[in-house]
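One structure is given below, encoded as structure tokens.
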Amino acid sequence: MLIAGLAACGGDGGSGSGSSDDKITMGFAQVGAESGWRTANTKSIQEAAASAGIDLKFSDAQQKQENQIKAIRSYITQRVDIIAFSPVVESGWDTVLKEAKDANIPVILTDRAVDSKDTSLYKTFIGSDFIIEGERAGEWLKKEYEGKTDPVNIVELQGTTGAAPANDRKEGFAKVIGADPKFKVIASQTGDFTRAKGKEVMEAFLKANPKIDVLYAHNDDMGLGAIEAIEAAGKKPGVDIRIVTVDAVKDGMQALADGKINYIVECSPLLGPQLMDLAKKVVAGESVPQRVLTEETTFTQEQAKAALPERKY
Ligand code: GYE
């Protein structure tokens, strides 16, 4: 993808556009700084823009949709060449996306999806398949408890309410474990993708439920917060309560290598280079695929030990 993009842009001096020497200006409306994943994602976008020679206007919405909408409107007023954003929640984007379209400013979705029926409101969507991530967490659990018949009490820490990764990771997981009645999700609540909220909600789960076998956290950060709560309650994370999370950021991988998490489903935040490549193509009027999927893997404790020294984020 990246190689093809560089060849297309550099090979013939950017033919087709009268202002090919002008720098592309991108307005990027980020979700916030809620997790290690997000920090790595922001860094990837900023570094990739710099090395692609794209002038980046960057805003942080502090996990609030209204702030993102304001940022997008200001990018429209500033007449940037392209807008990219990671929608904090799935719903409620049609009006502002229509405004961008009417102003002839193309939009790229990164990381999270919108539920707009009109797919002409954006050029492409680059990011992970969160349903598959949820399924991978469920598949691991099924294997862990294969051949056992006792009930398995699961608590779930959901991501930000209404966010695509929260909706889809819940759905994918439920689909896989739902077929076996021994798996019981006894509590499920949002921890807003943050460490502090993960800890707080896990404390409440522990107080209300004497027997918790498994924690499924929609990201590493909530899992890491929950680990603090579990330890404070005198239990051993990874042993007394088995833990599966999503992301595979460094702190999560360290906890996995240390035996406090049992399994992590990877979700890559390094979307910057592909995003800049797609942005150049869109601005040049080239066609791009409607959906660009990120490639990801999963990690056991042993695999985390091996991967940690090379882990960049
Ligand atoms: O998993 C979580 C972050 O949208 C995939 O957002 C992203 C999620 C990621 O806060 O850590």
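Read the numbers this way: they start at 1 and go in the same order the structure lists the ligands and their atoms. Count residues from 1 along the sequence.
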So, do Tyr263 and Phe299 have ring centers that fall under 6.0 Å from each other?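 No, ring centres 6.0 Å or more apart.
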Relative to each other, are the rings of Phe183 and Tyr145 parallel, tilted or perpendicular (30° and 60° limits)?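 Taking Tyr145 first and then Phe183, their aromatic rings stand perpendicular (interplane angle over 60°).
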Give a yes/no verdict on whether any heavy atom in Met222 is under 4.0 Å from an atom of ligand 1.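 For ligand 1, residue contact (heavy atoms, under 4.0 Å) with Met222 is absent.
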Give a yes/no on ligand 1: does Asp221 have at least one heavy atom closer than 4.0 angstrom to it? no
Please name the pair of heavy atoms, one in Leu256 and one in Thr300, separated by the smallest distance, quoted to 0.1 Å.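 Minimum heavy-atom contact is CD2-O, 3.5 Å.
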Ignoring hydrogens, what is the shortest heavy-atom contact between Cys267 and Val246? Give both atom names and the distance. CB-CG1, 4.1 Å
For [atom], what's the nearest protein heavy atom and its distance?
| atom | value |
| --- | --- |
| atom 11 (O) of ligand 1 | Asp247 OD2, 2.6 Å |
| atom 5 (C) of ligand 1 | Asp111 OD1, 3.2 Å |
| atom 8 (C) of ligand 1 | Arg112 NH2, 3.7 Å |

With respect to His218, determine whether any N or O atom, backbone or side chain, lies less than 3.5 Å from an N or O atom of ligand 1.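 There is no such contact.
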Using a 3.5 Å cut-off on N or O atoms only, is Trp37 in polar contact with ligand 1?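 In fact, backbone or side chain, Trp37 has no N or O that close.
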Quick one: which ligand 1 atoms are inside 4.0 Å of a heavy atom on [X]?
| X | result |
| --- | --- |
| Phe130 | 5 (C) |
| Pro165 | 4 (O) |
| Ser35 | 2 (C), 3 (C), 10 (O), 11 (O) |
| Phe193 | 2 (C), 10 (O) |
| Cys267 | 5 (C) |
| Glu34 | 3 (C), 6 (O), 10 (O) |

Report the part of Glu133 in contact with ligand 1, treating N, CA, C, O as backbone and CB onward as side chain, heavy atoms under 4.0 Å; options are side chain, backbone, both, neither.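 No part of Glu133 is near ligand 1 at this cut-off.
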Hydrogens and angles aside, do Asn167 and Glu90 bring a side-chain donor and acceptor to less than 3.5 Å of each other?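 Result is yes, a qualifying pair exists.
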Look at Lys43 together with Glu47 and state whether they make a salt bridge at an N to O cut-off of under 4.0 Å.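 Judged by the 4.0 Å cut-off on N to carboxylate O distance, Lys43 and Glu47 do form a salt bridge.
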For residues Ile230 and Val201: do they belong to one hydrophobic cluster (side chain heavy atoms under 4.5 Å, members Ile, Leu, Val, Met, Phe, Trp, Tyr)?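 Hydrophobic grouping puts Ile230 with Val201.
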Consider only side-chain heavy atoms of I, L, V, M, F, W and Y, link residues closer than 4.5 Å, and tell whether Ile131 and Phe173 are in one cluster.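 Unlinked, Ile131 and Phe173 end up in two clusters.
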Distance-only criterion, 3.5 Å: show the donor-acceptor pairs between side-chain atoms of residues 101-108 and protein atoms not counting sequence neighbours.
{"residue": "Lys101", "atom": "NZ", "partner": "Ser120", "partner atom": "OG", "Å": "2.7"}

